[in-house]
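Only one structure is covered here, and it is reproduced in the block below.
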2 protein chains.
Amino acid sequence: MKQTEQQEFYMDAEQFLKNVAVDNVILGYHDKELKVLLQKPFIVNKWTITGGHIRKTESIEEAASRIALERTGLKDLFLEQFRSFGSPNRAKDETFNAKSITEKTGFEIPPDLWIFDYFVTVGFYTLTEFSKVAPTKGAYDDDCQWWPINELPPMLFNHENMIQEALKALSVNIAHHPIGYELLPEKFTLPQIHALYESILGKSLDDRNFSRKLLVNGILIKLKETKKIGAHRSPFLYTFDKEKYDLGLQNGDVLVF
Amino acid sequence: MKQTEQQEFYMDAEQFLKNVAVDNVILGYHDKELKVLLQKPFIVNKWTITGGHIRKTESIEEAASRIALERTGLKDLFLEQFRSFGSPNRAKDETFNAKSITEKTGFEIPPDLWIFDYFVTVGFYTLTEFSKVAPTKGAYDDDCQWWPINELPPMLFNHENMIQEALKALSVNIAHHPIGYELLPEKFTLPQIHALYESILGKSLDDRNFSRKLLVNGILIKLKETKKIGAHRSPFLYTFDKEKYDLGLQNGDVLVF
DNA sequence: TAATATTCCGTTAATTTGACGGAATAAAAA
DNA sequence: TTTTTATTCCGTCAAATTAACGGAATATTA
């Protein structure tokens, strides 16, 4: 951390709310598995989910959106609150304190700096189309990249638990909101959306029953095109019927798989 | 507000987190309708849902619990987060500012007092057994009482909306968690729980189909006793099978009514 | 031309849902 | 004592949905 950077670090604090911040589990889907976008702050040897502080001029949703935009380059992402976390012990991570940060960075940090305060964080999850995301690290990070949900690196605080909670909320919400729209490319095949649901729900779903359920409720439109997938029969492409898709939410009907 | 009270008011601030608090929609069920416990702070002519600040030594759940205990006299209440709210405009209520509070209370209030800050609030709802609750006002309230969900008094900030959100979350959660346990007395009749579900879901449910669904899944135990209800056939009493009740949660099965 | 991996369609039995009628009971009214 | 009234509570049946399963079609590579 350079001198000027540290000054910003202090000054910035004035613009933000104290004791409360947002954390955002940014999810993408690639290679038949869910991935989460993580960042590695350079003051500590652990990874964190993306997150940041709330400006005094913005709502919590705006804060989460702004930070998601910084990390992904994408606007208007699908974003949903799933839980807030707050406990005085939460920040008790042996690697996150003035002493060990000074050892690592060589920079003097007051032990009562505001970043060590008790923070309540409002947890969001964001669904993104993997291929559109350009992972971008923040000013205080030395890395930012996708990690498979099942092979996470060592994480700071309770962030691994927060990811689990986000996934649990997602697998509940999937019954009320057809998730695929945000996680899949515009055109996709039945096997693709089938595999997506399997990885979110963590169980295998009979392919015939699965597609029947999606097709009868009418949110999918079958296209004339097929997708070339190499040495196999070419699957048809589908796209969402946005109107029916949005409608499905309101009627309060439930899709149980 | 007396002099000493005001001093406390200032001093207390140091013990609490800034910019973040909890709000708690305490629900009870009585006379075939849902009721919500509201308080009326004496600094303003509107009602609020119960809520308060978070001590630096407690988690958000502990804060919500502590405040619920203060208002109801009950420990170990069923408490669930449903959403957090935060927007810089949230506290923009024409009746909530230093000037109009001074007019009402005759006490000098600095216009930048911390209570006017931007607060993110973590929203909980609590399910209580109506008859066990002893509504108790806080140090800064002049009243605390039950209000029927459908006849609410004028409310401060976005509190009416928060109640709606809590109810929406409850009606979703009811599919994953058998709610009755917290809202009904230990022994209750089928018509009672039937009416409870109707008022939570806001629609009428065929009594025969309703009881069939509850009985096949086995969470109810039929007792030998009946309940005297005056000039009518005496309904049998039931109680929850706590084990199966808790089990229902885990298996991820869904009860759609 | 055969082998392989994948898509995709259809049937059937079991289960669940939705819609409905009518007998039993407790007390009050006649 | 009998009738009326309001409420509990049980059962049936048709329709819809779910779960389980096999096999033909297709696109490539061997």
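Just so it is clear: chains get the letters A, B, ... in the order the sequence lines come, proteins before strands, and each one is counted from 1.
Proximity of A:Leu190 to A:Leu220: side-chain heavy atoms (C-beta onward) are separated by under 4.5 Å at one or more points.
Distance CG (A:Leu205) to P (D:dA20): 12 Å, rounded to an integer number of Å. Taking atom CZ of residue B:Phe257 and atom P of nucleotide C:dG18, one finds them 11 Å apart after rounding to whole Å.
Take B:Lys40 and apply the side-chain hydrogen bond (donor to acceptor under 3.5 Å, both in side chains) test, not counting sequence neighbours, and it matches B:Asp142. For A:Lys46, the salt bridge (charged side-chain N to carboxylate O under 4.0 Å, His left out) criterion is met by A:Asp93, A:Glu94, not counting sequence neighbours. For B:Asp207, there are no side-chain hydrogen bond (donor to acceptor under 3.5 Å, both in side chains) partners, not counting sequence neighbours. Residues passing the salt bridge (charged side-chain N to carboxylate O under 4.0 Å, His left out) test with B:Lys32, sequence neighbours excluded: none.
Along DNA chain D, the nucleotide closest to A:Val256 and the one closest to A:Gly230 are compared, and the more 5′ of them pairs with A:Val256.
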(request) Going 5' to 3' through nucleotides 1-15 of chain C, assign each nucleotide B (protein heavy atom under 4.0 Å from a base atom), S (under 4.0 Å only from sugar-phosphate atoms) or - (no protein heavy atom that close). (result) ----BBBBBB-----
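Residues in residues 59-78 of chain B take part in these ring pair (Phe, Tyr, Trp, His ring centres under 6.0 Å) pairs, two or more places apart or across chains: B:Phe78-B:His177.
OP1 or OP2 of D:dT17 has not a single side-chain nitrogen or oxygen of A:Lys213 nearer than 4.0 Å.
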